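This report refers to the structure that appears directly beneath it.
Nothing here was measured: the structure is a model prediction, and the numbers come from that model. Convention: sequence-line order gives letters A, B, ...; per-chain numbering from 1.
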Amino acid sequence: MSRYNFKENEAKWQAAWEQAACFNAPNTDDGRPKYYVLEMFPYPSGRIHMGHVRNYTIGDVIARYKAARGFSVLHPMGWDAFGLPAENAAKLKGVHPRTWTLENIAAMRAQLKGMGLAIDWQREIATCHPDYYRHEQKMFLDFLAAGLVYRKESWVNWDPVDQTVLANEQVIEGRGWRSGAPVEQRKLAQWFCRITDFADELLDGLDSLSRWPEKVRVMQAKWIGRSAGARVFFSLRGQPRGVADRLEVFTTRPDTLFGASFCAISPNHPLAAALAKEDAAVADFIAACARLGTSQEAIETAEKQGLRTAMRARHPFVEDMDLPVYIANFVLMDYGTGAIFGCPAHDQRDLDFARKYDLPVRPVVLPPDADPKTFAIADEAYVGEGTAYNSAFLDRLSVEDAKAAAIARLQELGHGEGATQYRLRDWGVSRQRYWGCPIPAIHCGDCGIVPVPESDLPVELPDDVDLSGPGNPLARHPTWSLVDCPRCGAAARRETDTFDTFFESSWYFARFCSPRAAIAFERAAVDHWLPVDQYIGGIEHAVLHLLYARFFTKALKQCGYLSANEPFAGLFTQGMICHETYCDPDGVWLSPDDIRQDPGGEPVTADGRPVRVGRSEKMSKSKNNTVDPARIIETYGADTARWFMLSDSPPERDMEWTAAGIEGAFRFMQRLWRLVTEAAADLPAPGSPIPGDIAAEALSLRRATHKTIAAVTEDIEAFRFNRAVARIHELANALSEFRTGSTSMTAGDRWVLRESLETLARLCGPMVPHLAEELWRCLGGTRLLAGEAWPQADAALTVDTAITVAVQVNGKLRGTVDLPRNSPDDTAREAALALPAVARLLADGPPRKVIVVQNRIVNVVI
RNA sequence: GCGGGUGUGGCGGAAUUGGUAGACGCGCUGGACUCAAAAUCCAGUUCUGGCGACAGAGUGUCGGUUCGAGUCCGACCACCCGCACCA
């Protein structure tokens with residue numbers, strides 16, 4: 001029995017596609033409808049991982065399918081080439097970030113090409129290339145002119161030993177990952193994008209993104225977090241000298257002001273800093289808070305702690321009431337005004353705080369049906385609807401009305417005003433790193449901040465850089481930052497911050513439309529192709545990357561670069577790849593490659609030691625449970641890897657990688673090949689007319705074939721690749737059965753067999769393109785399958801004429817009856833009642849009720 | 001902590017969106033072919049009881065709505081993702 005040689009064939013067909021330039025997209029309209037399919041571009045870490053294989057397989061299926069459906073498809077690839085890992089590699093291995101990155105790109109490009117992706121490689125871009133980032137610098141200058149970027153001070157994690165700013169992931173339990181030194185917080189003047197100017201537009205625009213997953217839209221909406229409420233001004237007593245006597249607080253619950261029992265300010269609040277100057281205990285407390293780092297997760301999961309200050313805040317409505325003011329570690333400076341008032345009865349966090357510091361808990365919202373005399377708060381704050389009480393002029397108002405009344409009174413008294421607050425903060429884009437796009441600005445002692453003139457772009461990174469020492473390498477470079485002020489000519493310094501790498505990924509999808517243009521975007525190309533029709537990537541980008549790209553698109557539109565409102569019309573978020581974990585007796589994580597089976601089938605190490613099998617987890621280096629796609633493709637071929645990726649698990653869900661699964665996929669590839677090659681010699685010539693007489697078995701195969709076309713088409717459209725795979729399995733099963741069943745085939749049989757096999761090859765094309773090309777050629781195809789049209793299902797053949805209807809008694813299945821499609825309800829009813837199993841149960845009398853759902857079910861109620 | 005999600009046989013999953021739970025695949029069991037193995041082919045495979053026809057149970061847990069619930073509602077449990085300097 002001969003076998004399909006994937007190695008030979010995959011190389012052969014990849015070369016054929018390249019030679020035919022099948023996947024090169026036109027720059028503009030070529031008369032066909034356009035379809036832009038894009039997967040999130042990879043960070044060039046050096047090798048592709050299984051997540052890439054899944055991502056690019058999904059995108060490739062869509063790209064090839066849409067091409068077969070007659071679309072003009074743009075499907076490009078590039079590299080998200082700036083970022084921290086290149087600098088880490090430089091520190092560890094002494095290799096220059098550029099060299100490391102470019103070598104990684106070369107290696108990964110070769111791996112991706114080996115997957116047989118239908119990509120227009122002529123459009124490849126790398127964000128670390130000056131011909132890419134020069135346009136980004138121009139955009140920055142335009143944003144600056146348009147007031148979309150500005151400088152302000154903000155806090156960063158500072159490693160006092162390495163003299164460097166740390167990313168949140170580099171802060172581990174309050175310490176720097178390399179130095180182990182306790183992390184401090186520092187204030188730094190940095191560049192920000194005014195994404196908050198677009199908060200309403202970004203929020204309201206979500207409604208137009210009907211082809212985005214609901215969950216992503218919800219996450220973005222919550223992230224933007226528009227909330228209506230009030231700013232309340234508390235007069236202060238006991239504040240440090242020289243500090244204003246007013247504390248500004250934002251609240252969404254002005255209706256609960258009468259339940260207030262304290263105020264709290266953020267450790268980063270200016271008032272806290274002023275207090276710290278006079279009070280060592282305050283300074284110590286602030287320093288302790290700073291060690292948590294800047295991540296919201298760390299701050300909010302830490303134990304709630306507060307420090308009572310000498311300050312008192314006067315209640316805006318109650319003359320003789322004043323509240324203690326705390327500094328509290330859970331109050332965020334970045335949200336609202338960096339200060340809150342606490343109403344323990346109606347906010348859980350405030351309640352926890354009040355219990356800890358023994359503050360009064362006074363309920364002011366009465367739940368419906370509760371008795372005001374007995375209602376009390378125990379361990380749970382009451383956050384629901386109700387009526388105001390214990391609240392003077394607010395008494396008996398609903399929560400909603402009380403809010404409005406409280407705001408009106410605040411305004412009247414000059415103690416506050418209605419306000420809309422967003423959770424969204426402006427986007428800090430400054431990074432104190434080498435391997436990023438230089439921010440094109442100059443600091444002049446006389447002129448202040450001066451933009452780099454456009455004619456001087458790009459501002460290129462220097463090559464001669466020392467990454468081994470502490471601090472920002474660009475700032476330490478002896479000459480790079482020395483420059484004359486473009487405005488006054490005096491000696492000045494370049495900005496040594498580089499952009500957040502989210503900057504590059506915020507516009508790359510648009511650059512693909514005209515990747516070699518001298519300007520960022522050729523207008524005709526970008527207006528033709530945008531928005532991306534289908535964007536595909538991991539759910540982990542649900543908020544940040546996708547929100548920044550949306551902001552960028554709106555900002556670029558405002559600056560006249562393009563016409564699109566939104567970058568991605570359709571979004572699909574795929575799940576992660578998981579694998580079992582293995583541990584040796586010493587607790588060391590073992591790679592799946594190192595696991596053997598002993599004669600009893602138990603897992604052991606290569607040297608025979610027992611292995612503990614752990615639960616399946618996301619593939620990661622730390623758990624050592626990764627499987628290298630290169631090895632899989634080498635052993636089984638790209639088609640097998642792609643097929644397994646698409647089988648079983650729905651693409652939005654996490655998938656389980658197993659050795660048995662990949663072997664099953666491999667066997668199916670072989671089976672398809674046998675199915676076609678063994679039948680090929682017996683078939684009529686391609687394009688022969690259908691013979692007059694088709695026997696019953698052949699007709700049934702035709703029905704199966706056309707049903708498969710309809711089902712697979714629907715499944716691909718809906719991203720249900722696992723179902724498409726199952727349907728193709730079923731067609732293969734039907735074909736096997738047909739071939740075994742017919743010893744001598746009529747002309748009709750042979751014709752139907754050809755139709756079915758051709759369909760099989762076409763339907764497989766987007767998923768396993770190399771094998772499908774080979775099958776296609778074996779069946780007499782003279783052109784590339786990659787250029788062929790998608791098959792059409794004949795509607796007359798996809799509908800069954802006979803239906804099996806389920807018969808239930810009291811909802812419990814008791815049998816089935818076969819009926820012609822669309823039989824009248826009475827016929828179904830009679831047939832159901834005639835069933836012996838039903839008749840037996842009806843011995844005691846007639847049914848109380850019979851429910852008939854046509855073509856589905858008959859339920860007899862007794 | 002806050003926000004978002006997931007949960008169905010031994011395993012991955014399917015279920016026309018309220019109508020025959022377990023399609024399809026993996027694994028396992030038995031058989032055919034073979035000196036033997038691999039490959040391939042055939043049959044079986046939710047669980048419990050029964051030789052059997054069959055009966056009962058069953059979609060994370062508990063409760064509800066309905067002629068009928070994996071699907072809808074309420075409460076809970078477990079696990080996963082994100083949290084603004086990883087990308």
Checklist entry - How should the glycosidic conformation of B:U6 be described, syn or anti, under the criterion that syn lies within 90° of 0? => result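 What B:U6 shows is an anti base, its glycosidic angle lying more than 90° from 0.
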Next on the checklist: Syn or anti for B:G9, given that syn means the glycosidic angle lies within 90° of 0?
Outcome noted: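 Syn conformation for B:G9.
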Checklist entry - Roughly how far apart, to the nearest Å, are B:G64 and B:U71 at atom P? => result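 It works out to 14 Å between them.
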Checklist entry - If we take the P atom in both B:U20 and B:G70, what is their distance in whole Å? => result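 About 10 Å, rounded to a whole number of Å.
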For the side chain of [X], starting at C-beta, report the closest nucleotide among [options].
X	options	value
A:Glu300	B:C2, B:C83, B:C81	B:C2
A:Thr501	B:C85, B:U20, B:A87	B:A87
A:Asp654	B:G82, B:C80, B:A84	B:C80
A:Glu297	B:C85, B:G82, B:G1	B:G1
A:Asn722	B:G13, B:A87, B:G19	B:G13
A:Leu424	B:G5, B:A84, B:C85	B:A84
A:Met219	B:G27, B:G12, B:G4	B:G4
A:Leu813	B:A21, B:A23, B:A84	B:A21
A:Lys618	B:C81, B:A84, B:C85	B:C81

Who is the Watson-Crick or G-U wobble partner of [N], with both distances under 3.5 Å?
N	answer
B:A87	none
B:A57	B:U46
B:C2	B:G82
B:A14	none
B:U40	B:A32

With hydrogens left out and only the distance checked, is there a donor-acceptor pair under 3.5 Å joining [X]'s side chain and the base of [N]?
X	N	result
A:Glu656	B:G12	no
A:Arg723	B:C24	no
A:Glu617	B:C80	no
A:Gln190	B:C85	yes
A:Gln296	B:C83	no
A:Asp648	B:G13	no

Next on the checklist: Nearest heavy atom decides the nucleotide; on that basis, is A:Val861 or A:Gly815 closer to the 5' end of RNA chain B?
Outcome noted: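 It is A:Gly815, whose closest nucleotide lies nearer the 5' terminus.
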Checklist entry - Of A:Gly811 and A:Gln670, whose nearest nucleotide on RNA chain B comes first from the 5' end? => result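 Residue closer to the 5' terminus by nearest nucleotide: A:Gln670.
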Rounded to the nearest Å, what distance is computed from the [atom1] atom of residue [X] to the [atom2] atom of nucleotide [N]?
X	N	atom1	atom2	value
A:Met655	B:C80	CE	P	19 Å
A:Trp223	B:G3	CH2	P	13 Å
A:Arg186	B:C85	CZ	C1'	16 Å
A:Met576	B:C79	CE	P	15 Å
A:Asp715	B:U16	CG	C1'	12 Å
A:Arg674	B:A39	CZ	P	11 Å
A:Leu547	B:A87	CG	P	17 Å
A:Gln808	B:U20	CD	P	7 Å

Could you check whether [X] gets within reach of a base, just the sugar-phosphate, or nothing at all, counting any heavy atom under 4.0 Å?
X	answer
A:Arg848	nothing
A:Ile728	nothing
A:His545	nothing
A:Ser295	sugar-phosphate
A:Asn733	sugar-phosphate
A:Asn168	sugar-phosphate
A:Phe502	base
A:Ala660	sugar-phosphate
A:Gln432	base
A:Val218	sugar-phosphate
A:Ile851	base
A:Pro650	sugar-phosphate
A:Val850	nothing

Distance check: side-chain N/O of [X] vs OP1/OP2 of [N], anything under 4.0 Å?
X	N	answer
A:Arg431	B:C85	yes
A:Lys812	B:A21	no
A:Lys304	B:G1	no
A:Thr658	B:C26	no
A:Arg423	B:A84	no
A:Arg653	B:A14	yes
A:Arg814	B:A55	yes

Checklist entry - Do we see a donor-acceptor contact under 3.5 Å between the side chains of A:Ser227 and A:Arg423? => result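 No - no donor-acceptor pair under 3.5 Å links their side chains.
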Item to check | A:Asn268 side chain vs A:Leu332 backbone, donor-acceptor pair below 3.5 Å | outcome: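 Not at all, since once roles are kept as given, no pair shorter than 3.5 Å links the two residues.
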Item to check | A:Leu202 backbone acceptor or donor facing A:Arg550 side chain under 3.5 Å | outcome: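 Such a contact is found between A:Arg550 side chain and A:Leu202 backbone.
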Parallel, tilted or perpendicular: which describes the rings of [X] and [Y], with under 30° parallel and over 60° perpendicular?
X	Y	answer
A:Phe719	A:Phe721	perpendicular
A:Tyr548	A:Trp427	parallel
A:His729	A:Phe668	tilted
A:His545	A:Tyr535	tilted

Next on the checklist: Given the ring of A:Trp212, does A:Arg217 sit roughly above its face, with NZ or CZ under 6.0 Å from the centre of the six-membered ring and within 45° of the axis?
Outcome noted: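 No, A:Arg217 does not lie over the aromatic ring of A:Trp212.
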Checklist entry - When you measure from the centre of the six-membered ring of A:Trp673, is the NZ or CZ of A:Arg3 under 6.0 Å away and within 45° of the axis? => result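 No, A:Arg3 does not lie over the aromatic ring of A:Trp673.
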Checklist entry - Would you call A:Asp352 and A:Lys304 a salt bridge, using N to O less than 4.0 angstrom? => result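 A:Lys304 and A:Asp352: not salt-bridged.
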